[in-house]
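Letters A, B, ... mirror the listed sequences (proteins, then strands); counts begin at 1.
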Amino acid sequence: MKINWFKYAAPTAFYPVAGRLVPVFGFAALALVLFALYWGFFETPERLGGTNPQKEYYRIIFIHVPSAWMSMWLYLVLAAWSAVGLVFNTRLSFMMANAVAPTGAIFTFLALWTGAFWGRPSWGTYWDWDPRLTSELILFFLYIGFMALHSAIDDSRRADRAAALLAIVGLVMLPIIYWSINCPDPNNCAALHQRSSLTDIESNILTAMLVMTLGFWLYSFAAAFARLRNIILLREQDNAWVRKMVDAAEGTSPRGAAGVGGRPANRGVSV
Amino acid sequence: MQGLIGFLSQGGYAFYVWSAFGMTFALLIAEMLVLRRSRRTILQRVGRLARLRTQNVPPGEQS
């Protein structure tokens, strides 16, 4: 079977597909997050030994690391859709970028917030101008800047292109964040933030962390698709298919039936 | 009951643990509610505009 993917590059064609995907991703995300919460709180040790002993507050790892990963991953997705939009000039790509941005900003904020509440008991401070923390904060400002720039320009096609350019320039932050905890000599650098190594993590903790990451990821799909549908509706509201769909939806709901024009008017041929 | 209190206190780090988890799920739930509300608002607006158009297109046919 051959699927014509370009068919779904049209907002008209993708709108119903996104509508079917939202609950699928949403409920899958809910199941994974609940499982990860259960596993993280009840199947993991209360404290961690080793050279850097951690007490119960280490459980913040189950949301801190997934949020931080999602903040970077969603930025990559945002920049990728922006690039696709600029190269192929496809409306849906820009809409995708816009749909991802607020969710990415939320996860970036959460990475900073949960990090602060982990930093206080373990480092003794909520905030420090550590390279990792600072670069993540700049990523947060990039998300905000993307959304602000887009909404500051009235012409949506221009707004798309300007914001897309900003998103691509901002890509420079991803490697900076990634390598911000590295320095040639660990004794000689100011970085507070721990290095991470997936192979060193106790297997139950790793399980809860990875399942939570998957849950956040699926949640991002659901939220982005739901927002995409709103964006499509707003931008295509003058097109016949949106009007027809809204008419059909209102014809079956009491609100539409009681509308000013009544049912016959709603059924009227739109010419 | 003892178990529940022990769980909630998180070994004395309740403030940090629940602040982090609370903000996370508050924001995710808030995002879903905002998305649903804005969808309703958009649909209402589009529906209103559509009704205005269908009323205006065939003049004199109403009432």
**Student:** Give a yes or no on whether the ring-centroid distance for B/Phe15 and A/Phe117 is below 6.0 angstrom.
**Tutor:** yes

**Student:** With a 4.5 angstrom heavy-atom cut-off, could you sort out which part of B/Leu28 is near chain A: side chain, backbone, both or neither?
**Tutor:** both

**Student:** Are any non-hydrogen side-chain atoms of B/Leu35 and A/Arg229 less than 4.5 angstrom apart?
**Tutor:** no

**Student:** Report the option among B/Ile42, B/Thr41, B/Val34, B/Val46 that has the most heavy-atom pairs separated by less than 4.5 Å from atoms of chain A.
**Tutor:** B/Ile42

**Student:** Indicate yes or no: at least one non-hydrogen side-chain atom of B/Phe25 is less than 4.5 angstrom from one of A/Leu37.
**Tutor:** yes

**Student:** Does atom CD of A/Glu202 have more than 12 heavy-atom neighbours from other groups under 6.0 Å away?
**Tutor:** yes

**Student:** Using heavy-atom distances under 4.5 Å, tell me whether A/Tyr58 contacts chain B through its side chain, its backbone, both, or neither.
**Tutor:** neither

**Student:** Just so I understand: if I count every heavy-atom pair under 4.5 Å between each of A/Val33, A/Thr114, A/Val242 and chain B, which residue has the most?
**Tutor:** A/Thr114

**Student:** In terms of ring plane angle, is the pair B/Trp18 and A/Phe41 parallel, tilted or perpendicular, where the classes change at 30° and 60°?
**Tutor:** parallel

**Student:** Look up atom OH in A/Tyr57 and atom OG in B/Ser19, then write down how far apart they are to the nearest 0.5 Å.
**Tutor:** 15.0 Å

**Student:** Given a strict heavy-atom distance threshold of 4.5 Å, which part of A/Leu234 is in contact with chain B: side chain, backbone, both, or neither?
**Tutor:** both

**Student:** Could you walk me through whether A/Arg243 and B/Leu49 satisfy the side chain to side chain contact (heavy atoms under 4.5 Å, CB included) test, starting with their C-alpha distance in whole Å, then the side-chain angles of each, then the deciding distance to 0.1 Å, before giving a yes or no?
**Tutor:** CA-CA 9 Å; A/Arg243 267 186 276 157; B/Leu49 289 173; over 6 Å; no

**Student:** With rounding to the nearest 0.5 angstrom, report the OG1 to CZ distance, B/Thr24 to A/Phe216.
**Tutor:** 5.5 Å

**Student:** Can you confirm whether more than 12 heavy atoms, excluding those of A/Tyr126, are under 6.0 Å from its OH atom?
**Tutor:** yes

**Student:** Rounded at 0.5 Å granularity, tell me how far CG in A/Leu112 sits from CE in B/Met23.
**Tutor:** 11.5 Å

**Student:** Please confirm whether the ring centroid of A/Trp113 lies under 6.0 Å from the ring centroid of B/Phe21.
**Tutor:** no

**Student:** Need one label for B/Arg45: side chain, backbone, both or neither, based on atoms under 4.5 Å from any heavy atom in chain A.
**Tutor:** side chain

**Student:** For chain A, which candidate among B/Ala14, B/Gly11, B/Ala30, B/Gly12 shows the most heavy-atom pairs at distances under 4.5 Å?
**Tutor:** B/Gly11

**Student:** Tell me, do B/Glu31 and A/Arg227 make a side-chain contact under 4.5 Å, heavy atoms counted?
**Tutor:** yes

**Student:** Under a 4.5 Å cut-off applied to non-hydrogen side-chain atoms, are A/Ile60 and B/Tyr13 in contact?
**Tutor:** no

**Student:** Rounded at 0.5 Å granularity, tell me how far CD1 in A/Ile106 sits from CG in B/Leu27.
**Tutor:** 6.0 Å

